[in-house]
Amino acid sequence: MYTLRCTRRLLSKLPHETTASAPPATTILGDWYANVLNIGSARLILCTNERSLLSVIVPAKNPAQLPIRLRDAAVALFRRLGYPEEAIAHEERAMAELVVGPTANRSVLGSMTDITWHCRWYAEDHAVVDLRDLELRLADMPMLSQEPAAPEDRAAALLLAGTLH
């Protein structure tokens with residue numbers, strides 16, 4: 001179980017009931033933040049993990065499917081990054097349950113603003129935007145809002161530590 005923390009702009013588009021006070025996450029990586037991301041004519045949603053700043057990008061169509069798209073995209077990214085299958089399976093199971101709530105961490109929102117700018121710069125340099133390639137680039141991009149490290153390294157350390165317990 002985790003909280004999908006959405007910006008006001010995105011909350012208004014979701015059919016899910018929202019809660020102001022959410023229980024603690026049972027996922028190893030914790031809560032995910034989501035915001036609208038428009039790249040050219042593509043309508044997308046940027047989802048960023050609070051603890052690692054690892055990000056996935058999913059289509060914005062049919063907002064009711066956002067939790068499933070987020071979980072599937074995160075699991076696919078974990079596999080592309082070579083994370084242990086036991087940790088991936090744990091996260092996938094724990095991400096089956098969620099509550100939707102408003103954002104609560106301004107630092108993550110600031111990081112998401114930086115990530116959004118990076119996505120737009122990527123799109124300017126590529127005739128066709130390959131979202132999976134973009135996610136890998138974002139995973140490798142050092143983020144300074146937490147201890148300086150790439151999100152893929154932070155997520156790997158968290159997942160490894162979480163499966164050792």
Side-chain angles (χ1 to χ4, degrees), residues 2-11 13-14 22 25 27-40 42-63 65-84 87-88 90-92 94-95 98 100-126 128-162:
Y2 71 102
T3 301
L4 178 57
R5 299 196 172 276
C6 302
T7 60
R8 271 186 252 141
R9 183 176 176 194
L10 184 56
L11 277 175
K13 298 173 192 269
L14 293 178
T27 58
I28 295 170
L29 294 179
D31 294 343
W32 285 79
Y33 279 61
N35 193 13
V36 174
L37 172 66
N38 298 319
I39 299 178
R43 301 298 169 246
L44 307 164
I45 298 175
L46 171 66
C47 302
T48 301
N49 178 257
E50 182 176 32
R51 292 182 185 161
S52 67
L53 299 179
L54 192 67
S55 294
V56 296
I57 301 168
V58 298
K61 65 181 177 183
N62 194 358
Q65 296 298 312
L66 176 58
I68 295 167
R69 284 194 180 118
L70 166 57
R71 184 192 65 217
D72 293 349
V75 166
L77 180 59
F78 298 159
R79 287 197 171 106
R80 283 195 314 276
L81 293 172
Y83 295 160
I88 294 171
H90 177 275
E91 283 299 283
E92 185 172 22
M95 287 180 81
L98 77 146
V100 176
T103 59
N105 186 326
R106 293 175 80 178
S107 178
V108 174
L109 292 173
S111 294
M112 290 179 78
T113 298
D114 292 344
I115 292 165
T116 297
W117 282 110
H118 186 79
C119 291
R120 291 185 179 141
W121 291 324
Y122 174 91
E124 287 177 9
D125 291 341
H126 295 81
V128 176
V129 176
D130 179 343
L131 295 180
R132 305 303 67 99
D133 179 57
L134 179 54
E135 287 173 347
L136 290 174
R137 289 171 182 262
L138 294 174
D140 192 43
M141 183 175 74
M143 300 297 292
L144 302 177
S145 63
Q146 297 177 351
E147 187 175 313
E152 66 182 320
D153 296 335
R154 270 200 292 267
L158 289 165
L159 288 170
L160 183 60

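Note that this is a predicted model, so its numbers are computed, not measured. Throughout, residue positions are numbered sequentially from 1 according to the sequence presented.
For Tyr83 (side chain) and Leu77 (main-chain N/O), no donor-acceptor pair under 3.5 Å exists by modelled atom type.
Taking CG of Leu46 as the start and CG of Leu10 as the end, the distance is 10.5 Å to the nearest 0.5 Å. In this structure, CG in Leu29 is found 11.5 Å from CZ in Arg154, a value given to the nearest 0.5 Å. To the nearest 0.5 Å, atom CG of residue Leu158 and atom CZ of residue Arg51 are 7.0 Å apart. The line from CG of Asn38 to CD1 of Ile45 is 10.0 Å long, rounded to the nearest 0.5 Å. Remark: Leu4 CG to Arg71 CZ distance equals 12.5 Å, nearest 0.5 Å. Rounded to the nearest 0.5 Å, atoms CG (Leu53) and CE (Met141) are 9.0 Å apart.
In this view, His126 and Tyr122 satisfy the ring pair (Phe, Tyr, Trp, His ring centres under 6.0 Å) rule, not counting sequence neighbours. Judged as a side-chain hydrogen bond (donor to acceptor under 3.5 Å, both in side chains), and not counting sequence neighbours, Arg120 has no contacts. Under the rule for a salt bridge (charged side-chain N to carboxylate O under 4.0 Å, His left out), Asp140 has no partner lying at least two apart in sequence or in another chain. Under the ring pair (Phe, Tyr, Trp, His ring centres under 6.0 Å) criterion, Tyr33 pairs with no residue, sequence neighbours left out.
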Practice task
Go through the steps for His90 and Leu159 under the test side chain to side chain contact (heavy atoms under 4.5 Å, CB included), then give the verdict.
Solution key: CA-CA 9 Å; His90 177 275; Leu159 288 170; over 6 Å; no
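By the 4.5 Å heavy-atom criterion applied to side chains, Leu138 and Cys119 are counted as neighbours. Proximity of Met112 to Thr7: side-chain heavy atoms (C-beta onward) are nowhere separated by under 4.5 Å. Under the 4.5 Å side-chain criterion, counting only non-hydrogen atoms from C-beta, Leu98 is not in contact with Leu70. At least one side-chain heavy atom of Ile28 sits under 4.5 Å from a side-chain heavy atom of Glu91. No side-chain heavy atom of Val108 sits less than 4.5 Å from a side-chain heavy atom of Thr103. Taking the side chain as every heavy atom from C-beta outward, Trp32 and Met95 approach each other to under 4.5 Å. Residues Pro151 and Asn49 fail the side-chain proximity criterion, which asks for heavy atoms closer than 4.5 Å.
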Give every donor-acceptor pair under 3.5 Å between a side-chain atom in residues 54-62 and any protein atom, sequence neighbours left out.
from: Ser55; atom 1: OG; to: Thr48; atom 2: OG1; distance (Å): 2.8

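Looking at every heavy atom in both residues, Pro63 comes nearest to Leu14 through O-CD2, 3.4 Å. When all heavy atoms of Ala139 and Ala150 are compared, the pair lying nearest together is O-CB, 3.5 Å. Here the shortest heavy-atom pairing between Leu11 and Pro102 reads CD1-CA, 4.0 Å.
Contacts classified as salt bridge (charged side-chain N to carboxylate O under 4.0 Å, His left out) and involving residues 27-36 (residues at least two apart or in different chains) are given here: Arg5-Asp31.
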